[in-house]
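Working notes, structure below.
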Amino acid sequence: MTQFRPDDRVLVSPRYLAGTGIGRLRDAISPLTELFNWTSERLVTGRVLLTSPCREMFLDFAPDRQDGMWWTLAHHEPYWQAEFSRQTPIEAVAAVTQALPQVLGDHRHADRIPLATEDVAHIAATRGWDLTKTASGVTWTSPDGHCAAEHTTDPEHPWRIAHSVHDGFDTHWSATFTRDTPSGSSLSPSRTCPTRLPWNAVSQTSQSSHAAPP
């Protein structure tokens, strides 16, 4: 069996088993700053703050948060938010951040950053995820049982994705998303606001290559 060093980059499939890739923050941040003119501010604590050109969308990378939720994406009006814990694979975070400009109405690089066009249920079904329905919503569980995506009636976090490897230390991660934006939301004449959330149209360009997970 091939032995990998801790800093070797390897292809990991499925993606939710990948390590955090914290040394590759640029994968999630640089497309916004270099292609779409988002402004960035780096603090001495290691925190990074990004703001969209329309100042409606914000990204906050805060490795000093004690609750472990290092990534926060927030839209001002209408308000919605997504949070990712520190062990979330960088590919998962990048798939959302790369989709943000198009969700906000900026399609300048749509040819380089294609978005998923299938709905969540179809994607899960075609990849063998099991569907469980309850009175409060639905849950899709990965074939290996380690990852689950829930869509419930919880008014605070209707979308939640959680991953765990029971025999792995510090490998658990989660992502939570606030309420859905109504499909009939109106657009401001002075700026473009999202009519769908980025986790319903994630980027398909993020690669699964980084340091092997612990």
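Fair warning: this is a prediction, and the values are worked out from it, not measured in the lab. For reference, positions follow the sequence shown, starting with 1.
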Sequence-distant partners of Asp111, side-chain hydrogen bond (donor to acceptor under 3.5 Å, both in side chains), two or more places apart: none
Exercise: do Tyr79 and Gln81 side chains pair donor with acceptor under 3.5 Å: yes
Which residues share a side-chain hydrogen bond (donor to acceptor under 3.5 Å, both in side chains) with Thr134, sequence neighbours left out: Ser136
Trace of the side chain to side chain donor-acceptor pair (under 3.5 Å) decision for Asp144 with Ser142: CA-CA 5 Å; Asp144 62 10; Ser142 63; 2.7 Å; yes
Test item: Gln87 and Trp70 side chains (from C-beta on) under 4.5 Å apart, heavy atoms: no
For Ala62, all residues meeting side chain to side chain contact (heavy atoms under 4.5 Å, CB included), sequence neighbours excluded: Arg47, Asp60, Asp64, Arg65
Smallest separation among heavy atoms of Met57 and Leu100, with atom names: CE-CD2, 4.0 Å
Pro78 backbone acceptor or donor facing His75 side chain under 3.5 Å: yes
Trp129/Cys147 under side chain to side chain contact (heavy atoms under 4.5 Å, CB included): CA gap, chis, key distance, verdict: CA-CA 9 Å; Trp129 287 48; Cys147 194; 3.9 Å; yes
Residues forming a side-chain hydrogen bond (donor to acceptor under 3.5 Å, both in side chains) with His122, sequence neighbours excluded: Glu118
Flag, side chain of Gln98 to backbone of Leu115, donor-acceptor distance under 3.5 Å: no
Minimum heavy-atom distance Trp173-Thr88, with the two atoms named: CB-N, 3.5 Å
Shortest non-hydrogen contact between Phe84 and Ala175, atoms and distance: CD2-CB, 3.5 Å
By side-chain hydrogen bond (donor to acceptor under 3.5 Å, both in side chains) - contacts of Arg108 (at least two apart): Asp106
Side-chain donor-acceptor distances from residues 29-41 under 3.5 Å, at least two apart:
residue: Ser30; atom: OG; partner: Arg26; partner atom: O; Å: 2.5
residue: Thr33; atom: OG1; partner: Ser30; partner atom: O; Å: 3.2
residue: Glu34; atom: OE2; partner: Arg26; partner atom: NH2; Å: 3.0

